[in-house]
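For ligands, and for the atoms within them, numbers begin at 1 and follow the listed sequence. Numbers here simply count residues along the sequence, with the first being 1.
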Amino acid sequence: MGGERKGINRLEWSAIATIIGVLLLFSMAIGVTLIAPRYIDPSWNQASSTYQVQMHEVSDPNVYVSTSNPGGWGLQYVNHLKQGNSLLSFRESEGVRIRAQEELNSYITRENDQEVTLTSRLLLLRPANDQTEWQKELQEEWKQNHPNWESEGLSLPFYTLLELYDPEKTEAFAVTESDGVLEPWVRSHFTLLGDSPPFDISQGTIYIQNPREYRISEILYQGAKNWIYDENGEPIPDLQELKEGKLRFLSRESLIKMGEDVYRVEGCWYCHTDQTRTLVQDTVLNGSAEYPAPPSSANEYIYQQVTFPGTRRIGPDLSRVGIKRSHRDWHMSHFWSPKTESRGSIMPSFGHFFDDDPTGTSPNPYGIPNFKFEAIYQYLMTKGTRITPPDQAWWLGLDPIQTIDIIEGRKGDD
Ligand code: HEC
């Protein structure tokens, strides 16, 4: 009898000890995951720069991409411009001249201006009327500045002549000339005309240079109705029209999200890492000996739903691939057939990123990239390009992150 009682007591004690143990572990887990990080590095969940925020909040949702359609007229990048929201600049350069009516003249940044003129007023550019006279005038002027041009073997320049006008709209779509990886960015030396936009421009801003309206025309291609970009065609009435129906544009924001998903589903993380460690071999491989790439920091990933630091490097690390390899053409041919770009590559070919349907459902293996390709490309291009603004970036040798100090363990000593 006595022995039995002792047994029960022992059992009760061990049950109590287990419960206490579980509670202790549970509260420690809460402490480690929720409370401790706040005291370790308060910047880990904040954006690393204003540029990162503005790319995510201002640029990405307003850039729209359409993948090549059956006509094969190539990729289109379009900016969604909104009165009082988008910042625009109209800028002359060596080969581009702009004219406007008296009232709009102050919106033009001339070639030798020290400051970029920006505005949140919705204005657009179009080819100037009766260009012949103006073209001749400019060429004469150029000849006077280059009297020996013929003997020096120079050829007569041909100018792009544009006119600034007020489309009297509150929104419009504009063709973007860049391939959209790095946006024009100013922190100093700019004048803002008109009202300030609703986002913070105090530390710098993304602006759209020389916007021209995106217009399309319908055409027949192999018996089917299709469309092409055409300067003299019809403007796009609204966002819905751009996103739905025949045009099928997707915002860069949604492509980046899709790209994250493609990366996950295709198992890219099995062969690639997404982290530059604080080791010389990583920073030099992802940058160069002169301009080592900054090691990855937690806040680079704040806009990602899933992160893929990875464990094995069967292929190279991808955390700075947006700088190392920014050309869309390179990625196109690499995903289509990795061996053509890298001799002996063991990376599998991703033929299903290419077919003759933008949504990627057609079984025809045509070499036209579909949205899976655009998504993974846009996702890869965020890697390394958003840590710091392009005008103070490490690949220009400016290194605001002090990479050398980090890899040599000096950062944080002061
Ligand atoms: C079986 C392993 C494997 C898988 C899976 C894989 N890769 Fe690769 N990847 C490699 C190897 C090996 C290389 C180096 C040779 C080359 O350039 O093809 C490479 C190279 C690359 C490069 C060029 C990087 C540079 O700095 O030169 C990119 C970009 C890339 N892969 C992206 C991807 C993406 C995105 C996926 C998923 C859709 C993926 N890879 C899936 C093995 C893989």
Do any nitrogen or oxygen atoms of ligand 1 lie under 3.5 Å from a protein nitrogen or oxygen, and which ones?
residue: ligand 1; atom: 7 (N); partner: His272; partner atom: NE2; Å: 2.8
residue: ligand 1; atom: 9 (N); partner: His272; partner atom: NE2; Å: 2.8
residue: ligand 1; atom: 17 (O); partner: His334; partner atom: NE2; Å: 3.2
residue: ligand 1; atom: 17 (O); partner: Ser342; partner atom: OG; Å: 2.6
residue: ligand 1; atom: 18 (O); partner: His334; partner atom: NE2; Å: 2.7
residue: ligand 1; atom: 18 (O); partner: Ser345; partner atom: OG; Å: 2.5
residue: ligand 1; atom: 26 (O); partner: Lys324; partner atom: NZ; Å: 3.1
residue: ligand 1; atom: 27 (O); partner: Arg325; partner atom: NE; Å: 2.7
residue: ligand 1; atom: 27 (O); partner: Arg325; partner atom: NH2; Å: 3.2
residue: ligand 1; atom: 31 (N); partner: His272; partner atom: NE2; Å: 2.8
residue: ligand 1; atom: 40 (N); partner: His272; partner atom: NE2; Å: 2.8

Parallel, tilted or perpendicular: ring planes of His56 versus Tyr303, cut at 30 and 60 degrees: parallel
salt_bridge(Glu231, Arg126) N-O dist < 4.0 Å: no
Single hit among Thr276, Thr273, Asp274 for side-chain hydrogen bond (donor to acceptor under 3.5 Å, both in side chains) with Ser319: Thr276
Donor-acceptor contact present, side-chain Thr33 to main-chain Ala29, <3.5 Å: yes
Tyr64 ring center near Tyr214 ring center (under 6.0 Å): no
Flag if over 12 foreign heavy atoms under 6.0 Å of CD, Gln281: yes
